[in-house]
Amino acid sequence: MTSVVSRSLAAVRLFGNRSVCLVFGEQIVAIATVAGKKRRVRRKSVQEEQIRWWEEEKRADGVKWSTLEHKGPVFAPPYERVPRNVRFYYDGKPLELSEETEEAATFYAKMLNHDYCTKEVFNNNFFKDFRKSMTSKEKEIIKDFRKCNFQEMFNFFQAESEKRKAATKEEKLVKKNENEALMKEYGFCMIDGHKEKIGNFRLEPPGLFRGRGEHPKMGMIKRRIHASDVSINCGKDSKVPPPPGGSRWKEVRHDNTVTWLASWIENVQGQVKYIMLNPSSKLKGEKDHIKYETARRLDKVIDKIRATYRDEWKSKEMRVRQRAVALYFIDKLALRAGNEKDEDQADTVGCCSLRVEHVQLHKELNGKENVVVFDFPGKDSIRYYNEVEVEKRVFKNLELFMEHKKDGDDLFDRLNTQVLNEHLKELMDGLTAKVFRTYNASKTLQSQLDLLTDPSATVPEKLLAYNRANRAVAILCNHQRSVPKGHEKSMENLKEKIKAKRDAIDDCEAEYHDFKKAAKRGSVKEKVNADKKGKQLERLKDQLKKLELQETDRDENKTIALGTSKLNYLDPRISVAWCKKNGVPIEKIFNKTQRTKFLWAVHMADEDYRF
DNA sequence: TCGGTGACTTAGAAGTCGACTC
DNA sequence: GAGTCGACTTCTAAGTCACCGA
């Protein structure tokens with residue numbers, strides 16, 4: 001079977017010197033002239049153009065584009081009141097709400113079955129903002145959150161959702177077509193003469209803020225965004241997108257040193273939010289490529305850097321020792337840099353912001369010496385727990401850093417991310433703390449693939465090897481997920497399937513031996529039957545093996561998220577090369593989105609590529 | 001030097017879709 | 001044809017890091 005890799009390569013060859021190739025949904029499509037004849041290579045769904053930027057000259061520093069034109073963002077649909085029979089109750093009695101108050105109530109009602117609604121902070125924050133949306137009359141009545149009843153509204157939205165699911169094929173098709181039309185109009189922009197996909201062309205709709213972990217602002221109301229909140233960025237000579245009916249944009253600017261198309265300030269945290277390009281775009285792809293090239297440059301100096309920081313564990317200066325130990329953790333454990341955070345954000349930490357209570361020192365633990373136990377909330381409040389055996393000198397240093405300190409004190413009191421990155425810049429141009437994560441992730445994938453791939457194995461076996469290598473990276477980077485709903489059930493189903501397959505094999509085997517015996521007695525018919533059974537048996541055994549591999553893979557993956565590392569940390573050229581070398585179709589490793597994002601890698605890497 | 005801000009990447013959860021099974 | 005379930009896609013929060021001005 002022709003893989004997408006070779007198909008896409010074929011498409012590119014057909015284009016000769018043109019610097020775009022067309023990607024139609026799943027397959028690469030080229031309509032090119034060969035010997036005067038129009039030749040068509042398979043097509044599917046929506047068309048996008050992808051620039052072969054990796055074959056073009058890089059632009060001078062700072063400037064991101066020359067021309068940029070787009071239609072502006074899509075606004076959230078206006079609020080539609082719930083039917084009159086769907087009521088909000090206060091203190092057991094139905095209460096008619098003004099439009100704004102009702103909308104706020106629906107934000108909460110829609111989340112009624114969510115864990116968030118059991119949290120005090122969430123409820124308090126919501127109620128405070130809910131009251132802000134009320135008329136003075138409503139404010140006088142609605143004073144106690146515990147007396148609010150959103151149940152009828154919740155039931156209404158549940159029923160609406162059921163209705164949507166139960167819609168007829170035709171109704172669903174109409175909806176799909178509407179969405180596609182919207183995407184066609186607003187989902188693309190023209191940048192430097194090329195049509196490129198926009199990543200998020202819709203403005204965030206109003207609702208309740210869902211901060212992760214123990215976020216002090218969870219439950220606050222995210223306001224509706226109007227044109228007057230939105231800044232537009234487009235080319236000087238381009239057509240400025242028209243703001244919706246009679247309104248005005250906050251600002252129209254023509255800044256070609258940035259990549260965003262529109263921005264606004266979100267009211268809960270006061271952060272700037274952006275409309276940006278899709279990962280398949282030239283701008284994002286180039287950046288991604290540079291990221292992996294920087295990580296590869298690190299490979300050339302890593303030995304020296306490691307030798308230096310080990311040496312610095314003995315430094316007379318506390319500042320230098322702390323920096324060296326922190327760098328060791330960033331390198332060995334792939335910890336994040338750990339910027340300082342404000343009081344009004346969830347309390348999470350990274351390497352530089354580790355506090356005394358996040359590490360425990362054990363001279364001996366479970367038969368290992370000099371063990372550091374890390375236990376802290378990391379990004380997204382995901383717990384990082386790791387028992388690590390460290391060099392004696394690191395251990396001694398940690399004891400020193402923790403001397404006379406109490407819980408709440410910084411472990412590295414002479415260090416922050418800025419200081420660390422300034423130091424890293426001196427070691428290598430473009431080096432920052434996060435480069436180590438990219439470097440160690442990609443390096444791990446490469447070495448694990450070398451270790452785990454058996455060239456003579458079947459494709460499913462090779463895939464298990466790939467997933468295990470990917471898993472090693474996900475574990476290193478602490479990419480976790482909650483156990484998927486119905487995991488137990490799906491494992492049970494798989495086990496049942498496996499059992500059924502084993503039974504079938506037993507039956508088939510018995511019949512096979514019977515036929516064989518009969519065939520030995522000289523019956524031609526029985527010999528044919530024996531051959532047939534033998535083939536069936538082989539097939540069944542293959543199927544069983546596939547199922548067993550699937551079982552192992554799924555269970556090992558229960559709490560580990562592979563996607564994050566694949567998308568952000570693993571040099572895609574490693575995977576492309578591995579596929580090419582091992583005869584594994586690329587679509588087994590990268591789904592459609594990943595293939596479009598990493599098209600550059602598909603073109604760049606041959607089977608000998610090494611990270 | 002420090003704090004604030006802006007731009008961009010990285011992250012898991014939620015929502016949607018479509019393949020498979022009965 | 002309906003229901004189920006996993007894969008894919010979208011959404012948006014939460015990081016990193018550079019830059020700027022006081």
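In what follows, chains carry the letters A, B, and so on, assigned in the order in which the sequence lines appear, proteins first and then strands, with residues in each chain numbered from 1.
Partners of A:R323 according to the salt bridge (charged side-chain N to carboxylate O under 4.0 Å, His left out) rule, which considers only residues two or more places apart in sequence or in another chain, are A:E312. Annotation: salt bridge (charged side-chain N to carboxylate O under 4.0 Å, His left out) contacts of A:K291 (sequence neighbours excluded): A:D288. Every side chain to side chain donor-acceptor pair (under 3.5 Å) that A:K443 has, sequence neighbours left out, goes to A:D299. The ring-ring contact (aromatic ring centres under 6.0 Å, His included) search around A:Y274 returns A:W260, not counting sequence neighbours. Remark: A:K163 pairs with A:E160 by the salt bridge (charged side-chain N to carboxylate O under 4.0 Å, His left out) rule, at least two apart or across chains. Residues that satisfy the ring-ring contact (aromatic ring centres under 6.0 Å, His included) test with A:W264, not counting sequence neighbours, are absent from this structure. A:E214 meets the salt bridge (charged side-chain N to carboxylate O under 4.0 Å, His left out) test with no other residue; sequence neighbours excluded.
Note on A:G563: nothing from the nucleic acid sits closer than 4.0 angstrom, heavy atoms only. Nucleic acid contact for A:K165: none, since no nucleic acid atom lies under 4.0 Å from a heavy atom of the residue. Residue-level contact check: A:I382 touches the backbone only, with heavy atoms under 4.0 Å from sugar-phosphate atoms and none from bases. Across all strands shown, A:R437 has heavy atoms under 4.0 Å from sugar-phosphate atoms exclusively, and none from any base.
In this entry the distance linking CD of A:E343 with C1' of B:dG4 reads 17 Å, nearest Å. Taking atom NZ of residue A:K592 and atom C1' of nucleotide B:dG18, one finds them 12 Å apart after rounding to whole Å. Rounded to whole Å, atom P of B:dA7 lies 13 Å from atom CH2 of A:W65. Put simply, CD on A:Q345 is 11 Å from P on C:dT16, counting in whole angstrom units. Distance NZ (A:K64) to C1' (B:dT9): 13 Å, rounded to an integer number of Å. Going from atom CD of A:E180 over to atom P of C:dT9 covers 14 Å, rounded to whole Å. Look at CG on A:L570: it is 15 Å from C1' on B:dA11, rounded to the nearest Å. Distance CG (A:L182) to P (C:dT10): 13 Å, rounded to an integer number of Å.
For the segment residues 200-213 of chain A, the set of residues with a heavy atom within less than 4.0 Å of an atom of DNA chain C comprises A:R202, A:E204, A:P205, A:F209, A:R210, A:G211, A:R212, in numerical order. For DNA chain C, the residues of residues 258-273 of chain A within the heavy-atom distance limit of 4.0 Å (strictly under) are A:Q269, A:K273, sorted by number.
One donor-acceptor pair, N or O on each side, does fall under 3.5 Å between the base of B:dT10 and the side chain of A:K379.
Checking A:S66 against A:N256 by side-chain atom types alone, no donor-acceptor pair falls below 3.5 Å. Side-chain N/O atoms of A:D413 and A:Q322 include a donor and acceptor closer than 3.5 Å.
Note on residues 424-434 of chain A: no pairs pass side chain to side chain donor-acceptor pair (under 3.5 Å), not counting sequence neighbours. Residues in residues 375-385 of chain A take part in these side chain to side chain donor-acceptor pair (under 3.5 Å) pairs, two or more places apart or across chains: A:R212-A:D380, A:D375-A:R383, A:Y384-A:N386, A:Y385-A:E387.
Across the interface with DNA chain C, nearest-nucleotide mapping of A:T593 and A:G338 shows A:T593 to be the residue nearer the 5′ end. Comparing A:D342 and A:A561 along DNA chain B, the residue whose closest nucleotide (by nearest heavy atom) sits nearer the 5' end is A:D342. Toward the 5' end of DNA chain B, the nearer of the two residues A:N179 and A:E340, judged by each one's closest nucleotide, is A:E340.
In this structure, A:H479 does not reach the B:dT10 phosphate: none of its side-chain N or O atoms is under 4.0 Å from OP1 or OP2. Taking 4.0 angstrom as the limit, A:H215 places none of its side-chain polar atoms (N or O) nearer than this to OP1 or OP2 of C:dA13. Phosphate contact (OP1/OP2 of B:dA11, side-chain N/O of A:Y569, threshold under 4.0 Å): present.
Proximity of the aromatic rings of A:Y569 and A:H479 is defined here by a centroid distance below 6.0 angstrom, and this criterion is met.
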Summarise how protein sits on nucleotides 17-22 of chain C as a single string, 5' to 3': B when a protein heavy atom is under 4.0 Å from the base, S for sugar-phosphate-only contact, - for no contact. BS----
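Just one residue in the list A:M220, A:Q345, A:K222 forms a side chain to side chain contact (heavy atoms under 4.5 Å, CB included) with A:Q269, and that residue is A:Q345.
Here C:dT16 is the nucleotide among C:dT12, C:dT16, C:dT9 with the atom lying nearest to any side-chain atom of A:R336.
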